[in-house]
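Here the structure is laid out as structure tokens; the discussion comes afterwards.
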Amino acid sequence: MKILSKTDIMRHQQCTTKLALDKRENPRKDRPLDESKHPHIRSHYRSEGGYQIEDIAETMFDGIQRSTLYGVRGLLETQSLVFAKAPSIAQASAQSKGNYARADILAKISQSQVNPELRQYIRENYTSTYGGNHALYEIKSATSIRKDFILDLAFQTHVFESSGYKIGRAYLITVNKDFQRNSDQINPHEFLNVTDVTDKVLEELPNLSERIEQAHLTLNQEDIPLSTIYKQCKHTQPDKICPHISYCPNWTNLDPEKTPIFYLPYLSTKKQDQYAEDNVMYIEDIDPEDKKLTKTQTPVVLAHKQDQPLIKLDKIQEFLGQVDTDLPISFLDFETFTKVIPEIGHKPYQLIPILSSTGVLYPTNHLVRHDFIEISMPSNSRFFAESLIRNIESTGTIFSWFMQFEKQVVKQLIDMNPDLEEDLNSICDRMLDLRDPFSKGYYVDRRFEGLTKLKKVGEVLSQDLSYSGLEVDHGSLVGDKWYEMINSDDIHKRNEIITNLQKYCSMDTTSLVRIYQFLKDLN
DNA sequence: CACACGCCTAGAGGTTGGCG
DNA sequence: CGCCAACCTCTAGGCGTGTG
């Protein structure tokens with residue numbers, strides 16, 4: 001019998017076919033395939049944050065002991081720690097009837113701390129035997145409580161109860177996003193929120209057995225179960241299709257000339273099912289008059305029906321009409337750094353601007369480029385704000401991509417440097433979003449694949465523009481590299497990283513300038 | 001006249017995409 | 001992982017029309 005973990009339950013929920021195939025092709029891996037295949041996308045310092053949160057959370061438990069072994073030996077270790085009456089156990093594990101669960105913390109509680117409703121439910125459905133009562137704690141580096149966290153705890157409750165432990169309460173430990181760090185020491189009780197979610201776990205428990213049973217059926221079935229294609233089939237790998245797609249109905253012969261329907265933006269699973277029922281599998285096969293289409297989707301469908309890009313020239317001219325071409329035009333791109341455990345003076349996940357790249361296009365068609373990079377952890381980003389004001393012109397349009405992000409950063413700069421408010425506000429007021437013509441469907445190229453991100457649009461419209469040769473070629477790698485740089489004593493390494501980061505950021509700005517000129521030349 | 005029905009609208013609530 | 005805005009979906013209620 002194959003062992004089912006919490007991750008498997010989640011995967012089963014997402015796609016039964018995927019769970020079966022992942023397990024068959026990679027039976028020893030607990031993690032889904034797509035995560036291990038793309039390690040470079042996963043940010044190192046950010047996943048490290050998760051472990052650091054666990055370490056901090058554990059300091060709230062006196063006399064805590066850590067179970068370090070895996071597999072059967074881990075199960076025995078947990079048992080012996082419980083029998084030895086350890087007050088709390090980190091990484092406690094349990095297994096029963098083919099289900100395996102690992103708890104972040106299993107802590108002893110007294111009879112009076114037990115939730116009566118939960119015990120009532122458990123008495124009716126389980127036959128737990130081992131000694132005292134315990135509470136389960138699940139530690140998350142997130143700042144809010146999500147439904148899958150509850151499912152996670154419900155699964156743990158189920159498995160621990162089935163293997164004989166008595167669970168009396170369930171807690172979530174999350175990050176308090178309003179916590180401001182003021183000293184070297186972090187008080188875990190201020191930094192973390194401990195929430196009793198026993199009620200919610202109790203709501204989840206009755207549905208759980210059915211889901212576990214279904215997942216076991218999937219795991220132990222000889223034939224791979226077939227399921228409909230959902231949107232996540234595109235997202236399992238960035239911009240790529242799920243590796244298992246050929247197992248799914250209607251997709252056994254994927255037509256490389258056509259674009260699968262899940263590339264349609266904002267396509268709900270419900271509508272996707274309706275299309276699948278009508279055997280409409282590709283964007284090219286959709287009737288542009290279809291009532292199910294939304295106003296963002298219609299231009300994408302039209303663009304796929306014709307050989308040329310879809311262009312609404314009057315709308316583009318209207319957009320460009322907002323630009324005063326007698327004034328200089330600025331282009332702006334930021335990179336930021338963010339981590340869960342804040343630096344002194346910061347809050348968890350606060351955006352810290354580390355790099356700005358600017359370009360100013362003068363009416364003479366002359367382009368002047370600047371950039372600014374922080375070389376150590378900034379406290380109030382004063383230099384960043386001042387350089388920004390210096391590097392872009394005090395009049396004229398400022399273009400950026402997805403400007404809400406840049407605006408958000410500038411607003412934070414104002415909070416930290418109120419005396420610069422006037423200049424910084426002027427920057428916000430003059431900003432225009434160069435993404436608008438694309439997200440609003442004024443210019444849609446089928447090669448965009450339904451996306452409107454800067455890299456995609458830039459590479460399609462300006463063929464010689466490619467990120468692939470760069471050392472730093474993905475946004476989430478920037479933070480890792482920068483953090484490595486500020487913590488390094490090796491001057492050569494530091495300089496190398498600085499150069500690579502500047503190359504990456506200026507590439508984005510170059511894209512902006514090219515895209516603007518492309519739109520202008522359409523006239 | 002009451003009631004059923006469809007159409008429209010506002011807005012609450014949830015999801016998606018893009019930035020890092 | 002967070003954030004934000006745009007987007008989508010669903011619902012309640014207003015309104016007009018049709019029907020018994």
Side-chain angles (χ1 to χ4, degrees), chain A residues 35 41-54 139-149 174-179 230-232 234-235 238-239 262-274 291-300 332-342 346-357 374 384 400-412 428 431 433-436 438-441 448-458 472-483 501 504-505 508-509 511-512:
Chain A
E35 289 192 15
I41 305 277
R42 295 185 68 78
S43 170
H44 179 250
Y45 76 88
R46 233 168 281 170
S47 40
E48 202 175 55
Y51 298 116
Q52 290 170 339
I53 296 293
E54 278 184 35
I139 304 164
K140 294 286 178 192
S141 57
T143 58
S144 60
I145 293 174
R146 293 206 319 263
K147 183 130 196 225
D148 47 329
F149 298 168
T174 51
V175 171
N176 172 14
K177 65 173 175 168
D178 297 320
F179 171 79
Y230 288 111
K231 225 174 140 57
Q232 62 260 25
K234 179 179 81 170
H235 289 295
D239 298 0
F262 43 79
Y263 280 87
L264 253 195
Y266 296 101
L267 180 66
S268 65
T269 48
K270 194 178 158 190
K271 282 184 185 170
Q272 171 137 6
D273 279 347
Q274 289 172 9
K291 287 276 194 303
K292 289 197 286 290
L293 288 176
T294 66
K295 67 172 184 223
T296 1
Q297 292 166 343
T298 308
V300 177
L332 178 62
D333 184 52
F334 292 157
E335 306 299 324
T336 60
F337 176 82
T338 171
K339 70 198 226 313
V340 58
I341 295 172
H346 290 146
K347 292 178 178 179
Y349 295 114
Q350 183 169 338
L351 289 180
I352 301 165
I354 54 170
L355 218 155
S356 79
S357 168
E374 297 278 7
F384 188 96
S400 55
W401 198 268
F402 206 73
M403 68 177 179
Q404 66 185 70
F405 179 76
E406 270 71 18
K407 279 191 177 176
Q408 188 189 340
V409 172
V410 175
K411 297 274 185 223
Q412 283 191 20
C428 284
M431 253 190 234
D433 200 330
L434 196 55
R435 176 177 171 255
D436 278 356
F438 303 94
S439 62
K440 293 184 174 162
F448 292 165
E449 297 175 310
L451 304 165
T452 55
K453 50 176 86 177
L454 178 59
K455 276 176 197 58
K456 203 61 163 179
V457 174
V472 176
D473 62 353
H474 194 278
S476 50
L477 205 61
V478 170
D480 271 335
K481 283 287 165 191
W482 181 80
Y483 201 53
L501 291 177
Y504 172 80
C505 193
D508 279 354
T509 312
S511 279
L512 287 174

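Not measured: the values here are computed from a predicted model.
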Winner on side-chain proximity to S141(A), out of dG2(C), dC1(C), dC10(C), is dC1(C)
Of the candidates dC10(C), dG18(B), dC3(C), the side chain of T143(A) sits closest to dC3(C)
To the nearest angstrom, the NZ-P distance between K270(A) and dC8(C) comes to 15 Å
Of dT9(C), dG2(C), dG17(B), the nucleotide closest to the side chain of S144(A) is dG2(C)
Hey, is the side chain of K440(A) poking within less than 4.0 Å of OP1 or OP2 on dA6(C), counting only N and O atoms? no
To the nearest angstrom, the NZ-C1' distance between K271(A) and dC10(C) comes to 12 Å
Exercise. Would you tell me if any nitrogen or oxygen in the side chain of T338(A) comes within less than 4.0 Å of OP1 or OP2 on dC1(C)?
Key: no
Check your understanding: Between D433(A) (side chain) and F402(A) (backbone), is there a donor-acceptor pair under 3.5 Å?
Key -> yes
K295(A) atom NZ is separated from dT9(C) atom C1', nearest whole Å, by 14 Å
Below 3.5 Å is the cut-off: list the nitrogen or oxygen pairs between protein and nucleotides 10-15 of chain B, distance only.
none

(Q) Does a side-chain N or O of K347(A) approach OP1 or OP2 of dG2(C) to a distance below 4.0 Å, or not? (A) no
Closest to the 5' end of DNA chain C, once Q297(A) and K177(A) are matched to their nearest nucleotides, is K177(A)
K291(A) NZ to dT9(C) C1', in whole Å, measures 18 Å
Exercise. Using atom types as modelled and distance alone, determine if a side-chain donor or acceptor of W482(A) lies under 3.5 Å from a backbone N or O of L501(A).
Key: no
M403(A) atom CE is separated from dA6(C) atom C1', nearest whole Å, by 12 Å
For the residue pair F337(A) and Y483(A), does the interplanar ring angle fall in the parallel (under 30°), tilted (30 to 60°) or perpendicular (over 60°) class?
parallel
Give a yes or no on this: more than 12 heavy atoms of other residues, nucleotides or ligands lie within 6.0 Å of atom NZ of K407(A).
yes
Of K455(A), E406(A), R435(A), the one forming a side chain to side chain contact (heavy atoms under 4.5 Å, CB included) with W401(A) is R435(A)
Of the listed dC10(C), dG17(B), dG20(B), the closest approach to the T336(A) side chain comes from dG20(B)
Hey, does Q408(A) reach any base, or is it just sugar-phosphate, or nothing, if we go heavy atoms under 4.0 Å? sugar-phosphate
Requested in this report: Under 4.0 Å between any heavy atoms, over every strand shown, what does F337(A) touch: base, sugar-phosphate, or nothing? Just pick one.
Outcome: nothing
In whole angstroms, the gap separating C1' of dC7(C) from CD of Q404(A) amounts to 12 Å
Here the distance between atom P of dC4(C) and atom CE of M431(A), to the nearest Å, is 15 Å
Quiz item: Are any of W401(A)'s side-chain N or O atoms less than 4.0 Å away from OP1 or OP2 of dG18(B)?
Solution: no
From CD1 of I341(A) across to C1' of dC1(C) the rounded distance in Å is 13 Å
Short side-chain to backbone donor-acceptor contact, T338(A) and Y349(A), under 3.5 Å: yes
Next item on the list: Compare all side-chain heavy atoms of K292(A) with those of Q297(A) and state whether any distance is below 4.5 angstrom.
Entry: no
Is a side-chain N or O of K140(A) found less than 3.5 angstrom from the main chain of F149(A), in a donor-acceptor match? no
Q) Do D148(A) and R146(A) sit within salt-bridge range, that is, some charged N less than 4.0 Å from a carboxylate O? A) yes
Considering only heavy side-chain atoms of D508(A), the closest of dG20(B), dC1(C), dG18(B) is dG20(B)
Result for 5'-nearest mapping on DNA chain C, choosing between L351(A) and T296(A), is L351(A)
| Touch check for D436(A), heavy atoms < 4.0 angstrom, all strands: base, sugar-phosphate only, or nothing? | nothing
### Query
Within less than 4.0 Å of OP1 or OP2 of dC1(C), is there a side-chain N or O belonging to R146(A)?
yes
Has S268(A) got a side-chain N or O lying under 4.0 Å from the OP1 or OP2 atom of dT9(C)? yes
